[in-house]
> 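Quick one: this structure, given as structure tokens, is what I'll be asking you about.
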Amino acid sequence: MSTPVNFSSPSHIVARQLIGATFTIDGVGGIIVETEAYDQREPASHTFVGKTKRNAAMFGSPGRAYVYRSYGIHWCLNFVCEAEGYGAGVLIRAIEPIVGLDVMRERRGVDRIHLLCSGPGKLGQALGVKHEFNGMSLTETPFHLTPALKPVDVSCGPRIGISKAVELPWRFGMEGSPFLSRPFR
DNA sequence: GCGACGATTGGCT
DNA sequence: GCCAATCGTCGCC
């Protein structure tokens, strides 16, 4: 057996640990290949401004989901980290599609496997992420999370699409994976 | 009550 | 590479 993911760790530790883990929603998903860490103390995080109605789940207990709407269009999925009341989490940015490929193709409206989960919004659509999942425990239905069975090589670099705290190298990815939202360099 | 602004994506130049 | 789509959240009047 592999070590379970410890969501009580700082988000950048969890983000690295999640690379190679298998995650599904209602049996649809695959291997996590890209994540980003966010922390209450840095300005790029939704929790930087303190607890609000939107980010409340991220101040909840570790090991739960934080789901938010991005640009009024996409549903994005985070795993809450650290501790109750802290305000840290990991954004799931890309997954290598493994199970439920046909369902994902139908939801996404595209055929090519590389376009199914190669970004936080795409992944949300492919896995059927809904706002109702906000605050739900990752150990409960419909979620299923299995830690990486063996160690994987992990790349890291600056986070994508943010304007603040761009210097933090808190984006992590499976080295050489063709399923990333963008390559590392 | 109102306006500015995204942890994005996809289509077009 | 650039830019529009699209709408809930948040801060401020």
Side-chain angles (χ1 to χ4, degrees), chain A residues 7 10-19 21 23 25 29 32-60 62 64-82 86-97 104-136 138 154-174 177-185:
Chain A
F7 287 105
S11 54
H12 65 277
I13 303 291
V14 179
R16 179 182 283 270
Q17 199 178 16
L18 282 171
I19 301 299
F23 179 72
I25 300 180
I32 297 174
V33 295
E34 184 180 339
T35 59
E36 277 177 4
Y38 288 89
D39 187 288
Q40 193 267 331
R41 291 167 302 179
E42 49 89 11
S45 175
H46 286 173
T47 53
F48 185 67
V49 294
K51 190 173 177 175
T52 66
K53 189 176 177 182
R54 172 174 71 151
N55 66 26
M58 216 161 147
F59 286 95
R64 289 178 177 270
Y66 164 52
V67 175
Y68 74 95
R69 202 146 165 76
S70 176
Y71 289 87
I73 305 168
H74 314 284
W75 292 108
C76 297
L77 175 67
N78 296 253
F79 296 168
V80 178
C81 298
E82 281 275 350
Y86 185 86
V90 173
L91 171 69
I92 310 302
R93 284 195 58 92
I95 283 179
E96 175 178 344
M104 289 193 258
R105 286 196 174 97
E106 190 178 327
R107 286 173 176 162
R108 291 275 299 119
V110 295
D111 240 28
R112 289 194 53 231
I113 194 168
H114 291 83
L115 300 179
L116 294 180
C117 298
S118 53
K122 299 178 192 176
L123 171 167
Q125 187 181 23
L127 269 63
V129 171
K130 295 182 277 214
H131 194 223
E132 297 97 272
F133 294 160
N134 193 40
M136 286 177 51
L138 297 170
V154 175
S155 313
C156 76
R159 293 173 291 180
I160 294 176
I162 56 168
S163 52
K164 304 159 193 163
V166 292
E167 72 284 359
L168 289 174
W170 278 6
R171 172 179 177 240
F172 301 91
M174 186 178 292
S177 171
F179 298 99
L180 303 172
S181 67
R182 285 179 45 181
F184 286 82
R185 50 156 302 164

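Note on naming: letters A, B, ... go to the chains in the order of the sequence lines (proteins, then strands), and numbering restarts at 1 for each one. What you see below is based on every heavy atom in this structure, not just the backbone, and it leaves out hydrogens, waters and symmetry mates.
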> Looking at B/dA7, C/dT6, C/dT9, which one has an atom nearest to any side-chain atom of A/Ser45?
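Closest of the options to the side chain of A/Ser45: B/dA7.
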> Check the geometry between A/Tyr38 and B/dA7 and answer yes if their rings are stacked (centres below 5.5 Å, planes below 30°), otherwise no.
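One would call A/Tyr38 stacked on the B/dA7 base.
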> If you check every side-chain atom of A/Val49, which of C/dT6, C/dG11, B/dA7 has the closest atom?
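Nucleotide nearest to A/Val49's side chain: C/dG11.
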> When you look at CZ of A/Arg69, are more than 12 heavy atoms from neighbouring residues, nucleotides or ligands closer to it than 6.0 Å?
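Counting neighbours around CZ of A/Arg69, more than 12 heavy atoms of other residues, nucleotides or ligands fall under 6.0 Å, so yes.
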> Nearest to the side chain of A/Arg108, which nucleotide is it out of B/dG10, B/dA7, B/dT9?
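Selected nucleotide: B/dG10.
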> Reckon A/Arg93 touches a base, only the sugar-phosphate, or nothing at all at heavy-atom distances under 4.0 Å?
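The answer is sugar-phosphate, as A/Arg93 gets under 4.0 Å only of primed atoms, P, OP1 or OP2.
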> For B/dT9 and A/His74 - does any side-chain N or O of the residue sit under 4.0 Å from the phosphate oxygens OP1/OP2?
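The answer is no; no side-chain N or O of A/His74 sits under 4.0 Å from OP1 or OP2.
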> Take the angle between the ring planes of A/His114 and A/Phe179 and call it parallel below 30°, perpendicular above 60°, tilted in between.
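Parallel, since the angle between the ring planes stays under 30°.
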> Does a side chain donor of either A/Tyr68 or A/Asn55 reach within less than 3.5 Å of an acceptor in the other side chain?
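No, A/Asn55 and A/Tyr68 have no side-chain donor paired with an acceptor closer than 3.5 Å.
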> Taking the side chain of A/Ile162 as its heavy atoms from C-beta onward, which of B/dA7, C/dC7, C/dG11 lies nearest to it?
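Ranking B/dA7, C/dC7, C/dG11 by closest atom to the A/Ile162 side chain puts B/dA7 first.
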> Look at A/Lys53 and C/dG8 and indicate whether a side-chain polar atom (N or O) is within less than 4.0 Å of OP1 or OP2.
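So the side chain of A/Lys53 is outside the cut-off, no N or O lying under 4.0 Å from OP1 or OP2 of C/dG8.
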> Do A/Arg108 and A/Gln125 pair up side chain to side chain, a donor and an acceptor below 3.5 Å, judged on atom types alone?
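The criterion, which ignores hydrogens and geometry beyond distance, is satisfied for A/Gln125 and A/Arg108.
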> For DNA chain C, whose closest nucleotide is more 5', that of A/Tyr71 or that of A/His131?
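Its nearest nucleotide lies further toward 5', so the answer is A/Tyr71.
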> Atom NE2 of A/His46 to atom P of B/dT8: distance rounded to whole Å?
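Value for this atom pair: 8 Å.
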> Pairing check on C/dA4: which nucleotide meets the Watson-Crick or G-U wobble criteria with it, both distances under 3.5 Å?
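Here C/dA4 is engaged in a pair, and the nucleotide opposite it is B/dT9.
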